Trainee: 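Would you mind keeping the following structure in view while I ask a few things?
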Amino acid sequence: MNNHQHQGKHVFVAGGSSGINLGIAKAFVLAGAHVAIASRSADRVAAAVSELMSVASEGVRVLGFSADVRDAEAIGKALADAHAVLGDIDVLVSGAAGNFVAPALGMSPNGFATVVDIDLKGTFNVMRQAHVYLRKPGASLISISASQSYTPTKYQAHVCAAKAGVDMLTRVLALEWGEQGIRINSIVPGPIGDTEGIRRLAPTPEAMQRMNDTVPLKRLGKLTDVSDMALFLCSAQASYVTGAVIPVDGGISLVGGRDLSAGLVGR
Ligand code: NAP
Ligand code: COA
């Protein structure tokens, strides 16, 4: 696939200061796109902007904003400010998320609500607030889901519920906004190595080995496994793809009964 087609595009990545989302931001910067990222911590945003600038070609712009996706007004302002500098948004990624491992009975109502608020309501806020700034026709939107959306997983009641909601929201917005030439798809990553998400789900070497062994392809994913899918979904080659929920997971969403009990630490 020709990644030069992304040169000069305007990209906004919510939750883009680390891990999988930063990997996607980096892939677009390397392809010559102008990229804005947003997350809560101004320090983490600044560090990520520096990292992205270090791989950017001359003329590529990288912007960073501090905003919590749970605050519709704050994320709306970040989107407005990015739009004021870059112009209409071609690519929007909603990837902010929170997770911890706990049984449903070990989750307070606020613990459950916190993850639903970040993952599901956050994705609604990002996409709803971005709509006015999207290129129409032509914008490509991506929700970052998780295999917990497909597979009921013990100690992940909040994430399973939230990400299933994210995938349904993706499909509804694809229906509603299709006639404006906006495409919206979900990427469903499996366990991706060297990320905060996998560190929380498999906090010991034994748990990490078990996770590795559980994946049908017998390896953890790489950041580029996910960012390659993002580049594809935003490419001309995917111009007829919308409302799709696409696993990039080594097959783990096919596997039931996973054991995450090793993640029950520290509480
Ligand atoms: P990560 O490094 O912790 O990334 C989460 C990002 O979201 C950070 O940039 C964080 O920055 C930001 N964030 C968190 N809460 C936020 C909020 N309320 N408002 C705005 N930004 C917020 O985690 P990751 O493991 O790479 O996960 C990234 C995405 O991939 C998530 O959607 C996750 O569900 C999904 N995923 C990950 C895996 C995996 O194996 N890692 C597997 C399946 C799906 P701040 O702290 O500065 O806010
Ligand atoms: N077990 C049970 N409950 C937990 C918990 C755990 N391990 N960690 C947090 N909670 C509960 C808290 O007790 C609180 O509930 P309470 O008010 O009833 O006590 C609630 O969750 C919110 O916690 P708080 O720390 O105030 O939330 P926050 O908004 O500051 O942070 C989190 C959100 C908890 C999701 C935090 O882990 C985070 O910021 N995560 C982002 C990074 C991440 O998770 N990356 C992986 C993505 S896959």
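These figures come from a predicted structure and were not determined experimentally. One-based numbering, in listed order, for ligands and for the atoms of each.
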Trainee: What atoms of ligand 2 come closer than 4.0 angstrom to any heavy atom of Gly111?
Mentor: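 That gives atoms 11 (C), 15 (O), 20 (C), 21 (O) of ligand 2.
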Trainee: Roughly how far apart are His131 NE2 and Leu141 CG, rounded to 0.5 Å?
Mentor: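 Interatomic distance, His131 NE2 to Leu141 CG, rounded to 0.5 Å: 9.0 Å.
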Trainee: Using 4.0 Å as the upper bound for N to carboxylate O, is an ion pair formed by Glu196 and Arg200?
Mentor: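 Yes, this pair counts.
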Trainee: Relative to atom 41 (C) of ligand 2, which among Lys163, Arg40, Glu196 owns the nearest non-hydrogen atom?
Mentor: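 Going through Lys163, Arg40, Glu196 one by one, Arg40 has the nearest heavy atom to atom 41 (C) of ligand 2.
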Trainee: Just which atoms of ligand 2 are under 4.0 Å from any heavy atom in Gly106?
Mentor: 2 (C)
Trainee: Between Asp194 and Arg199, is there a salt bridge with N-O shorter than 4.0 Å?
Mentor: yes
Trainee: Is Arg135 paired with Asp90 through a side-chain N to carboxylate O contact shorter than 4.0 Å?
Mentor: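 Yes, this pair counts.
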Trainee: Residue by residue, ordered by chain and number, which ones reach under 4.0 Å of ligand 1 with a heavy atom?
Mentor: Gly15, Ser17, Ser18, Gly19, Ile20, Asn21, Ser39, Arg40, Ser41, Arg44, Ala67, Asp68, Val69, Arg70, Gly95, Ala96, Ala97, Ile118, Ile144, Ser145, Ala146, Lys163, Pro189, Gly190, Pro191, Ile192, Thr195, Glu196, Gly197, Ile198
Trainee: Nearest non-hydrogen atom to atom 6 (C) of ligand 2 belongs to which of Phe112, Tyr155, Phe100?
Mentor: Phe100
Trainee: State whether the shortest distance between N or O atoms of Arg70 and N or O atoms of ligand 2 falls below 3.5 angstrom.
Mentor: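 Min N/O separation from ligand 2 is below 3.5 Å for Arg70.
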Trainee: Tell me the nearest of Ala113, Ala102, Gly98 to atom 35 (C) of ligand 2, using heavy-atom distances.
Mentor: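 Answer by nearest heavy atom: Gly98.
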Trainee: Taking side chain as C-beta onward, heavy atoms only, is Ile246 less than 4.5 Å from Leu233?
Mentor: yes
Trainee: Output yes when Arg171 and Asp167 qualify as a salt bridge under the 4.0 Å nitrogen-oxygen rule, no when they do not.
Mentor: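 Salt bridge between Arg171 and Asp167, a charged N being under 4.0 Å from a carboxylate O: no.
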Trainee: Below 4.0 angstrom, N of the basic side chain to O of the carboxylate: do Lys77 and Asp71 qualify?
Mentor: no
Trainee: Does the pair Asp213/Lys218 count as a salt bridge with the N-to-O cut at 4.0 Å?
Mentor: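 Looking at Asp213 and Lys218, the cut-off is not met.
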Trainee: Answer yes or no for Met107: is there a heavy-atom contact with ligand 2 below 4.0 Å?
Mentor: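 No.
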Trainee: Using a strict cut-off of 4.0 Å, indicate which atoms of ligand 2 neighbour a heavy atom of Ser108.
Mentor: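 Listed by number with element: 15 (O), 16 (P), 18 (O).
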Trainee: Would you call the rings of Tyr133 and His83 parallel, tilted or perpendicular if under 30° counts as parallel and over 60° as perpendicular?
Mentor: tilted
Trainee: Once you measure the plane-to-plane angle for His34 and His10, does it fall in the parallel (<30°), tilted (30-60°) or perpendicular (>60°) bin?
Mentor: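 Correct class here is tilted.
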